[in-house]
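Only one structure is covered here, and it is reproduced in the block below.
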Amino acid sequence: MSKLEAVILGGGGIEEWFEHEHVSNKGMLILNGKPMISYSISALKDIANINKITLIGDGYSKEVINSVDRNISDHGSLPGNIDAAFENANSDYVLMMMSDVPLITSETIREVLATIPWESHDLSLPVVTKEETENKFPGTKRTFAKTKEGHVKVGNVFILKKDAYSKIQPIVKETAKRRKSVIKQALQLGFGFLFRMIVFKNISIPELKKRVEKMLGITVNADIVPFPELGVDVDKTSDLVFCRQILERH
C-alpha cells in the first residue's frame, strides 16, 4: 500500500468579512463551540491510510497545533503553501484539504479513500453534484459547472502523487487565482472548450478529465462521489451562519 499523508492548508490573516469574530485566523472561527480547523483535523484523525497530518498556517491556538503532527508557517499565498506542503512531504501521496470545510467527517474521508482509485492516478479530484448537495444541505449556495452529467463541482479535498507535483507546479499559481470562478478555470482549458461549456453545455466529465490530463501531463481521476459535504466550504458570512446552524443541530 502506498504511503499517504495529509496536509491542511490553513493560511493566515484576518479577512474583512469575519473581522468582528475576534479571531486571528479563518480556521479559528468558532462553530458549535470548536474552532473550524478542528473539524478538518478530526476528519483526518484515526484514518488507517494516513500516517501524518501537517497544518500549514499561522495564528492557531496551542491546542490546535498540538493536535497535528507538524505545523508549518504560512508562506504568504495558496501556491506558496502548496509548494511548502510538497517540499516537506515524505510520503508517496499527499491528501490536501482546506481549513474551512467543517461538514467533512472521518467517515467521509474513509469512504473517499475506499471509493476512488487514488493509488492508480497522479491526481484524484472527487466531484460532487448540485442535486446531491442541495438535497443534503438545502439552502446552501455553491458554484457549479454544467456538464453532460449535470451540475457539478470539484470537492475541497484532492490527492496528488508527490512525484507528479513538479509537473503541475508552474500552473498552480494561475489555477489558485481562478479557483472560485468556473469561467476562468474553463479558460485555462481553451476558448473553444469554454464556448462548448457555455453555449452547448455538452462537455462530459471524461472529456474534462482528458483535457486536464493533456494540459498537466499527468493521469487524473475525477469520479462523482456521493459525499456533498466535500463541496461546502466557508467563504463568507452566510456560509458561516449556514454551517453553524447545521453543526448546532447535530
Side-chain angles (χ1 to χ4, degrees), residues 1-9 40 43-54 56 69 78-79 81-98 101 104-129 132-133 144-145 147-172 174-176 179 185-186 188-190 193 203-231:
M1 181 180 290
S2 301
K3 287 186 177 181
L4 173 67
E5 63 186 78
V7 173
I8 303 173
L9 297 168
S40 294
L44 298 168
K45 288 278 191 182
D46 302 320
I47 305 295
N49 307 72
I50 296 174
N51 59 52
K52 180 171 61 178
I53 302 173
T54 297
I56 300 182
D69 298 298
L78 180 58
N81 288 339
I82 295 175
D83 283 347
F86 282 92
E87 285 170 6
N88 288 276
N90 53 21
S91 299
D92 305 313
Y93 285 83
V94 178
L95 182 152
M96 309 210 79
M97 186 175 179
M98 305 303 288
V101 282
I104 296 177
T105 66
S106 56
E107 181 181 359
T108 306
I109 299 298
R110 285 193 189 93
E111 290 298 321
V112 166
L113 293 175
T115 300
I116 62 175
W118 56 273
E119 291 181 280
S120 303
H121 296 81
D122 295 321
L123 174 63
S124 292
L125 301 166
V127 176
V128 298
T129 67
E132 284 196 319
T133 302
F144 295 86
T147 68
K148 285 182 178 178
E149 294 83 1
H151 288 85
V152 300
K153 67 171 294 189
V154 175
N156 289 290
V157 170
F158 67 89
I159 303 171
L160 180 63
K161 191 173 185 179
K162 182 183 177 182
D163 291 345
Y165 182 63
S166 60
K167 297 179 182 178
I168 73 168
Q169 190 176 21
I171 70 163
V172 165
E174 189 59 35
T175 302
R179 73 187 187 96
Q185 288 171 3
Q188 281 188 288
L189 301 174
F193 207 68
I203 298 296
S204 70
I205 292 175
E207 286 179 283
L208 281 166
K209 182 181 82 73
K210 287 180 181 178
R211 184 60 66 96
V212 172
E213 286 182 326
K214 184 177 180 181
M215 182 176 72
L216 300 181
I218 61 175
T219 60
V220 177
N221 174 263
D223 289 339
I224 292 177
V225 297
F227 314 117
E229 58 270 26
L230 293 172

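Keep in mind that this is a model prediction, so the values were computed, not measured.
Contact detail for Ala43 and Met97: the closest heavy-atom pair is CB-CE, 4.0 Å. Nearest heavy atoms, Glu229 versus Ile104: O-CG1, 3.6 Å. Taking each heavy atom of Pro126 and Leu230 in turn, the nearest pair found is CB-CD1, 3.9 Å.
Other residues, nucleotides and ligands contribute over 12 non-hydrogen atoms within 6.0 Å of the CD atom of Glu149. The local environment of NZ in Lys161 is sparse, with at most 12 non-hydrogen atoms from other residues, nucleotides or ligands closer than 6.0 Å.
A donor-acceptor contact shorter than 3.5 Å links the side chain of Lys162 to the backbone of Ala89. At distances below 3.5 Å, not a single donor-acceptor pair connects side-chain atoms of Glu132 with backbone N or O atoms of Thr129. No side-chain donor-acceptor contact under 3.5 Å links Tyr93 to the backbone of Ile159.
With sequence neighbours excluded, the residues forming a side chain to side chain donor-acceptor pair (under 3.5 Å) with Thr219 are Asp122, listed by chain and number. Every residue meeting the salt bridge (charged side-chain N to carboxylate O under 4.0 Å, His left out) condition with Lys52, not counting sequence neighbours, appears here in chain and number order: Glu5. By the side chain to side chain contact (heavy atoms under 4.5 Å, CB included) test, Lys214 is found to be paired with no residue, residues two or more places apart in sequence or in another chain being considered.
Rounded to the nearest 0.5 Å, atoms CD1 (Ile116) and NE2 (His121) are 9.5 Å apart. Here the straight-line distance linking atom CD1 of Ile56 with atom CG of Leu78 works out to 9.5 Å at 0.5 Å rounding.
Contact check for Val112 versus Ser124: no side-chain heavy atoms found under the 4.5 Å cut-off. Taking 4.5 Å as the limit, some side-chain heavy atom of Val127 sits within range of a side-chain heavy atom of Ile224. With a 4.5 Å cut-off on side-chain heavy atoms, Lys153 and Val128 count as touching. Proximity of Leu95 to Leu44: side-chain heavy atoms (C-beta onward) are separated by under 4.5 Å at one or more points. In this structure, Met96 and Leu160 have side chains that are not in contact, with every pair of non-hydrogen atoms separated by 4.5 Å or more. Inter-residue side-chain proximity for Val157 and Phe227 is flagged as unmet; no heavy-atom pair is nearer than 4.5 Å.
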### Step-by-step side chain to side chain contact (heavy atoms under 4.5 Å, CB included) determination, Asp46 to Ser106
CA-CA 8 Å; Asp46 302 320; Ser106 56; over 6 Å; no
### Message
side chain to side chain contact (heavy atoms under 4.5 Å, CB included) for Thr115 and Asp223? Distances and angles first, verdict last.
### Response
CA-CA 9 Å; Thr115 300; Asp223 289 339; over 6 Å; no
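Applying side-chain contact (heavy atoms from CB on, under 4.5 Å) to Leu125 and the options Asn221, Ile205, Val225, Val220 leaves one that passes, Val220. When each of Val94, Ile47, Leu113, Asp92 is tested with Leu4 by the rule side-chain contact (heavy atoms from CB on, under 4.5 Å), just one qualifies, namely Leu113.
The aromatic rings of Tyr165 and Phe86 sit parallel to each other, their planes meeting at less than 30°, with 60° as the upper class boundary.
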